[in-house]
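Here is the structure we will look at, set down as structure tokens.
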Amino acid sequence: MNKKRFILDSAAEGFPELEVPAQFQKDLLNWYHKNARVLPWRSQPSPYRVWISEMMLQQTRVDTVIPYFQRFMEALPDIPALAEVTEDKLLKLWQGLGYYNRALNLKKTAQVLMSQYGGQLPPDREALLALPGIGPYSAGAISSIAFGRAVPAVDGNVLRIMARLLASYEDINQGAHKKKMQAFMEKLVSPEEPGNFNQGLMDLGAGICLPNGQPKCPDCPVQAHCKAYRQELTALIPVKIPKKKRRIEEKTVFVIAWQERYALQKRKSGGLLPNLWEFPNREGHLKPEESRELLKDMGIQAVSITPLAASKHIFSHIEWHMKGFLVTGEVDERGASPFTWVTKEEIQQEYSIPTAFQAYTKSLEEE
DNA sequence: AATTCGGGGGG
DNA sequence: CCCCCAGAATT
């Protein structure tokens, strides 16, 4: 738990200073006041809404988040509702958004808030930092946006923007660099409008100071402060180390139909896609004969085993190369199989199945 | 410090 | 194909 505290250490060395930080703040804020994106969580920035939005926005684009945020707020409008929601309903609301531990951590935190904080989010960054799913960025974002505290929120946008402003060649993904930038931003954040300052940097990163050497410098409100622009280095900065390649996993997926119902199983709580539902599957590409034997061991007497289309799903670090079979059959006795038997409608409305299985959930619609 | 966590949008 | 995205937790 103490690891998270690094953001409070102050060690801003190794960067040149911005020449006129007060003017930088003013230029950024003036631009933000005129050009801020209109977003659902900005219209009514209660701590709860800010918190949920920040959790959804971790490594996730604004346009992706918006419909999820709207649905989430209708279903779970406040902290007490979130603290009591069933896990399956919560995961259904999160279905397709990815990084599912974010959702599980939301409920954990809501329960902590109910039992220890009177059902409210704490305004202090340190207290926020101790809550599940809230790290250095999110703690700063919530504390500044929802509570007006003068703390920075260092995300990927800030790292990119500041690397260019300072013409820094450091690898912005290194932990040591993030720590230095955090300390640097502690001093640069606007004491008067910290929330607008932090959100201004995000909007600047999203619309102007774009990655991949494609910044729109002519439109930039802080161009006068940017060393990379003056030195024509915006195509070279920021510097990032290349990421390692994905590993490939082969899988065989079984869509098993019996009495208008389909077999699902629940994934384990740790690791990939925790607690979500999936079609029964095995590692490797099995042949129909091997599949028949396997199914028999699970209490399924297969009547027919017909191939479904192969499909590929790409995670950040894994590729699933899947082949599927549609299985019709007889179950030895009710409850003998290890599966949960559900209707199409239940799958659609209640069970959270990861996008990776989309090709096979779709195959149901054609039955 | 490196790896593990999803999924989609755009070059 | 590749990149990146309002990162956090774990090892």
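When reading the values below, keep in mind they use all heavy atoms of this one structure, side chains included, and skip hydrogens, waters and symmetry mates.
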message: Please classify the nucleic acid contact of Trp320(A) as base, sugar-phosphate, or nothing, using heavy-atom distances under 4.0 Å.
response: nothing
field: Side-chain donor/acceptor contact of Thr60(A) with base of dG7(B) under 3.5 Å
entry: no
query: Roughly how many Å is it from CG in Leu129(A) to P in dA8(C), rounded to a whole number?
result: 9 Å
- prompt: Ignoring hydrogens and geometry, is there a side-chain-to-backbone donor-acceptor pair from Lys251(A) to Glu283(A) under 3.5 Å?
  reply: no
- line: Separation of dG6(B) atom P from Phe357(A) atom CZ, nearest Å, is 12 Å
message: By nearest heavy atom, map Arg42(A) and Asn105(A) onto DNA chain C; which one lands nearer the 5' end?
response: Arg42(A)
query: Over how many whole Å does the gap from Ile241(A) atom CD1 to dC4(C) atom P extend?
result: 11 Å
query: On DNA chain B, nearest-nucleotide positions of His313(A) versus Gln174(A): which is more 5'?
result: Gln174(A)
- prompt: Less than 4.0 Å between a side-chain N and a carboxylate O, is that true for Asp63(A) and Arg37(A)?
  reply: no
field: Under 3.5 Å: donor-acceptor pair, side chain of Gln95(A), backbone of Ile353(A)
entry: yes
- line: Among dA8(C), dG6(B), dT4(B), the one nearest any side-chain atom of Arg247(A) is dT4(B)
message: Under 4.0 Å, counting only non-hydrogen atoms across every strand here, what does Ser138(A) touch: a base, just sugar-phosphate, or nothing?
response: sugar-phosphate
message: Per the salt bridge (charged side-chain N to carboxylate O under 4.0 Å, His left out) rule, what does the pair list look like for residues 311-324 of chain A, sequence neighbours excluded?
response: Arg246(A)-Glu319(A)
task: Ignoring hydrogens and angles, answer whether the base of dA9(C) and the side-chain atoms of Arg102(A) contain a donor-acceptor pair closer than 3.5 Å.
output: no
- request: Give me the ring orientation class for Phe254(A) and Phe325(A): parallel if the planes are under 30° apart, tilted from 30 to 60°, perpendicular past 60°.
  value: parallel
- prompt: Between the side chains of Trp277(A) and Asp88(A), does any donor sit under 3.5 Å from an acceptor?
  reply: yes
message: Return whichever of Pro242(A) or Asp203(A) has its heavy-atom-nearest nucleotide of DNA chain C closer to the 5' end.
response: Pro242(A)
message: For a quick check of understanding: with a heavy-atom distance under 4.0 Å over all strands, which category does Arg160(A) fall into, base, sugar-phosphate or nothing?
response: sugar-phosphate
message: Applying a 4.0 Å non-hydrogen cut-off, can you work out what Lys108(A) is touching in the nucleic acid: base, sugar-phosphate, or nothing?
response: nothing
- prompt: Given dG7(C), is OP1 or OP2 found less than 4.0 Å from the side-chain N or O atoms of Gln59(A)?
  reply: yes
- request: Quick one: label Ile142(A) by what it contacts on the DNA or RNA (base, sugar-phosphate, nothing), any heavy atom closer than 4.0 Å.
  value: nothing
Nucleotide nearest Lys244(A) when distance is taken to its side chain, options dA1(B), dC3(C), dT3(B): dT3(B)
- prompt: What integer distance in Å separates Ile318(A):CD1 from dG6(B):C1'?
  reply: 10 Å
- prompt: For the pair made of CE in Met56(A) and P in dG7(C), what is the distance, rounded to whole Å?
  reply: 15 Å
- prompt: Hey, does Lys240(A) reach any base, or is it just sugar-phosphate, or nothing, if we go heavy atoms under 4.0 Å?
  reply: sugar-phosphate
message: Give the dot-bracket line for DNA chain B from 5' end to 3' end: parentheses for intra-strand Watson-Crick or G-U pairs under 3.5 Å, square brackets for crossings, | for inter-strand pairing, dots for unpaired.
response: |||||.|||||
- prompt: Contact class for Leu273(A) (heavy atom, under 4.0 Å): base, sugar-phosphate, or nothing?
  reply: sugar-phosphate
task: Report which part of the nucleic acid Val158(A) touches: base, sugar-phosphate, or nothing (heavy-atom distance under 4.0 Å, all strands).
output: nothing
message: Regarding Gly271(A), tell me which of base, sugar-phosphate or nothing describes its non-hydrogen contacts under 4.0 Å with the strands shown.
response: sugar-phosphate
- request: Could you check how far CZ of Arg61(A) sits from C1' of dG11(B), rounded to whole Å?
  value: 11 Å
query: Any donor and acceptor pair, going by atom type alone, linking the side chain of Asp155(A) with main-chain N or O of Asn157(A) inside 3.5 Å?
result: yes
task: Measure from the side chain of Leu272(A), starting at C-beta and using heavy atoms only, and say which of dA2(B), dA6(C), dG6(B) lies closest.
output: dG6(B)
- prompt: Nearest to the side chain of Asn212(A) - dG7(B), dC3(C), dC2(C)?
  reply: dC3(C)
- prompt: Among all residues two or more places apart in sequence or in another chain, which pass the side-chain hydrogen bond (donor to acceptor under 3.5 Å, both in side chains) test with Arg292(A)?
  reply: none
query: If we take the C1' atom in both dC1(C) and dC5(B), what is their distance in whole Å?
result: 23 Å
task: Would you kindly give the CG-to-C1' distance between Asn173(A) and dA2(B), to the nearest whole Å?
output: 12 Å
message: With rounding to the closest Å, how many angstrom separate the C1' atoms on dC5(C) and dA1(B)?
response: 22 Å
- request: Report yes if at least one side-chain N or O of Thr355(A) is closer than 4.0 Å to OP1 or OP2 of dG7(B); otherwise report no.
  value: yes
query: Expressed as a whole number of Å, how far does the P atom of dT10(C) sit from that of dG6(B)?
result: 14 Å
message: Categorize Tyr99(A) for me: base, sugar-phosphate, or nothing, with a 4.0 angstrom heavy-atom threshold over every strand shown.
response: base
task: May I have the distance from Gln58(A) (atom CD) to dG7(C) (atom P), rounded to whole angstrom?
output: 7 Å
- prompt: Sub-3.5 Å donor-acceptor pair from the side chain of Gln58(A) to the main-chain atoms of Gly133(A), do we have one?
  reply: yes
task: Counting heavy atoms from C-beta on, name the nucleotide in dC2(C), dT4(B), dA6(C) closest to the side chain of Asp155(A).
output: dA6(C)
- prompt: Which is true for Ala153(A) with a 4.0 Å heavy-atom rule: it touches a base, it touches only sugar-phosphate, or it touches nothing?
  reply: nothing
message: Less than 4.0 angstrom between a side-chain N/O of Lys312(A) and OP1 or OP2 of dC1(C), yes or no?
response: yes
- request: Answer yes or no: does atom NZ of Lys26(A) have more than 12 heavy-atom neighbours from other residues, nucleotides or ligands under 6.0 Å?
  value: no
field: Separation between the P atoms of dA6(C) and dG11(B), rounded to whole Å
entry: 15 Å
